[in-house]
Amino acid sequence: MQDLDERKVKILQAIIRNYLETGEPVGSRTISKYTDLHLSSATIRNEMADLEELGYIIRPHTSAGRIPSDKGYRLYVDHMMEEKEREVEELKGVLLAKEDKMDHLLRQVAKVLAQNTNYATMISAPRLHRNKLKFIQLSRVDAHQLLAVIVVEGNVIKNNMLEVAEPLDDETLLKLNILLNTHLNGLTIEEINLSMITAIKQQAGIHSTIVGYVIDAVAEAIKAEEDLEIYTSGANNIFRYPELADNEKASQLISTFEEKQMLNELVEETLSDERGAGIQVYIGDETPVQSMKDCSVVTAAYELGEGMKGTIGIIGPKRMDYDKVVGTLKTLMHQLDDLYNKRE
């Protein structure tokens with residue numbers, strides 16, 4: 001790419017991608033619609049003339065558009081391979097980072113999937129159904145404040161500041177930590193019932209109010225992890241397919257991806273699948289999402305250790321390449337699992 005500026009590179013890539021899809025010579029008007037460069041046809045013609053002079057594209061007929069030369073193909077493939085290597089390394093780097101990088105990872109996964117399949121994609125953040133409490137640690141911040149560190153399954157950590165009327169000495173804090181962890185560790189919020197809370201408060205004596213605050217914080221921490229986050233990408237790929245591109249259908253689909261609430265049903269249905277394969281294919285009316293009745297939807301459950309599960313989905317026309325989509329999802333599931341285990 002040494003002798004090409006960014007604009008020429010984008011135009012060359014657009015010519016090659018368009019020619020690979022259609023098998024037809026590519027003209028300047030097609031490129032003006034195909035790229036996001038916002039250039040006039042005249043400017044694109046000048047750039048294409050330069051690319052032709054440099055030997056990256058050729059004109060098969062006098063009045064026809066251009067097609068890639070062997071030199072153009074070679075540059076495209078080498079550049080593409082470099083980009084893919086960077087994507088893989090970037091994906092690995094994110095997977096091997098701390099939990100607070102999960103948001104970035106999932107956005108990248110959705111984006112790469114959309115680019116590789118040319119369909120719309122979604123991925124839900126991993127979560128646990130019936131989260132269990134792993135550990136509670138109370139520590140003193142100052143005379144009237146305690147820090148409650150709450151760890152739930154998946155090593156998700158929540159910090160809560162608690163106000164106390166009177167200072168607590170080290171021995172009292174130790175006893176409260178032992179009391180809370182002995183009774184609550186390994187339990188879901190459903191299992192922490194009223195009679196259990198009453199018994200713990202009785203044992204805490206004059207510090208029963210603090211116990212109540214901590215249990216409220218535990219419930220809040222577990223509930224927060226049950227809120228569903230969904231990342232999407234490639235919604236505009238819908239316009240590639242004429243059967244989905246009319247105004248009403250496309251508008252409904254785009255709204256579904258922007259608002260995301262309706263995607264919850266896909267996530268829940270995938271996570272509740274008991275067949276073990278983890279991949280489900282919905283064709284037309286089979287999908288639980290009304291706006292996707294003209295689509296095919298392929299979903300897969302992925303797991304990131306300790307039972308933390310999420311859903312990956314690919315949405316496209318009924319004539320989608322099912323073999324490629326299912327293969328891509330299976331590969332991604334294994335990669336996520338392998339990389340997460342390596343991190344551990």
Side-chain angles (χ1 to χ4, degrees), residues 14 17-24 26 29-36 106-125 127 228-302 309-333 336:
R17 286 196 300 266
N18 196 276
Y19 183 67
L20 290 174
E21 288 181 10
T22 66
E24 299 291 333
V26 183
R29 290 188 64 185
T30 300
I31 295 303
S32 66
K33 298 175 182 177
Y34 200 85
T35 68
D36 59 354
L106 297 177
R107 292 183 193 278
Q108 283 296 104
V109 169
K111 181 180 177 181
V112 171
L113 267 183
Q115 290 173 342
N116 288 348
T117 63
N118 288 325
Y119 302 131
T121 62
M122 55 154 282
I123 182 167
S124 70
R127 65 173 186 172
L228 187 60
E229 186 73 50
I230 297 176
Y231 306 88
T232 61
S233 186
N236 288 335
N237 285 339
I238 290 163
F239 294 107
R240 289 174 174 264
Y241 308 100
E243 62 267 45
L244 301 178
D246 74 68
N247 289 339
E248 186 177 351
K249 290 178 183 177
S251 176
Q252 289 178 352
L253 280 168
I254 296 296
S255 294
T256 299
F257 277 87
E258 288 178 348
E259 296 170 9
K260 300 181 183 179
Q261 294 95 327
M262 287 185 286
L263 297 177
N264 288 3
E265 293 183 57
L266 278 177
V267 174
E268 296 296 346
E269 190 153 329
T270 302
L271 293 179
S272 64
D273 179 37
E274 300 296 335
R275 291 172 292 179
I279 293 182
Q280 299 183 55
V281 179
Y282 304 93
I283 300 173
D285 289 337
E286 295 172 356
T287 176
V289 181
Q290 182 62 38
S291 61
M292 296 179 182
K293 296 298 183 182
D294 294 307
C295 304
S296 280
V297 182
V298 183
T299 63
Y302 71 92
K309 295 182 179 180
T311 295
I312 313 166
I314 297 178
I315 299 93
K318 294 177 186 177
R319 60 185 174 97
M320 72 160 52
D321 187 339
Y322 294 99
D323 186 54
K324 177 182 177 182
V325 167
V326 171
T328 299
L329 287 179
K330 284 187 175 180
T331 300
L332 180 58
M333 290 161 63
L336 287 170

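One-based numbering along the sequence shown.
Shortest non-hydrogen contact noted between Tyr241 and Thr117 is OH-O, 4.4 Å. Closest approach of Gly316 and Leu244 over heavy atoms only: C-CD1, 4.0 Å. The two residues Thr30 and Asn18 have their closest heavy-atom pair at CG2-ND2, 3.5 Å. Here the shortest heavy-atom pairing between Asn237 and Ala120 reads CB-N, 4.4 Å. The heavy-atom pair separating Val281 from Glu286 by the smallest distance is O-OE1, 3.7 Å.
You'll find the side chain of Asn236 reaches within 4.5 Å of the side chain of Ile254, heavy atoms only. Residues Thr328 and Asn116 are not in side-chain contact: their nearest non-hydrogen atoms beyond the backbone lie 4.5 Å or more apart. Residues Tyr231 and Val109 are not in side-chain contact: their nearest non-hydrogen atoms beyond the backbone lie 4.5 Å or more apart.
Here CD1 of Ile314 is found 10.0 Å from CD1 of Ile123. Values are rounded to the nearest 0.5 Å. Between the CG atom of Asn118 and the CE atom of Met320 there is a distance of 11.5 Å, given to the nearest 0.5 Å. Of the inter-residue distances, the one linking Met122 atom CE with Ile315 atom CD1 reads 6.5 Å to the nearest 0.5 angstrom. The structure places CG of Leu329 at 11.5 Å from CD of Gln280, a figure rounded to the nearest 0.5 Å. In this structure, the separation between OH on Tyr119 and SG on Cys295 is 11.5 Å, given to the nearest 0.5 Å. For the atom pair CD of Gln252 and NZ of Lys293, the computed distance is 12.0 Å after rounding to the nearest 0.5 Å.
Formation of a donor-acceptor pair under 3.5 Å by the Ser233 side chain with backbone atoms of Thr121 is not found in this model. Listed for the Lys318 side chain is no donor-acceptor partner under 3.5 Å among the backbone atoms of Ser296.
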Inset, instruction - Go through Glu229 and Leu106 one step at a time and tell me if the side-chain contact (heavy atoms from CB on, under 4.5 Å) criterion holds. - result: CA-CA 10 Å; Glu229 186 73 50; Leu106 297 177; over 6 Å; no
Legend entry - Evaluation steps, side-chain contact (heavy atoms from CB on, under 4.5 Å), between Val297 and Val289: CA-CA 10 Å; Val297 182; Val289 181; over 6 Å; no
Inset, instruction - Run the numbers on Ile279 and Lys330 for side-chain contact (heavy atoms from CB on, under 4.5 Å), then give the verdict. - result: CA-CA 8 Å; Ile279 293 182; Lys330 284 187 175 180; 3.3 Å; yes
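When the salt bridge (charged side-chain N to carboxylate O under 4.0 Å, His left out) test is applied to Glu24, no partner is found at least two apart in sequence or on another chain.
For Asp323, the CG atom counts as loosely surrounded, since its 6.0 Å shell holds 12 or fewer non-hydrogen atoms of other residues, nucleotides or ligands.
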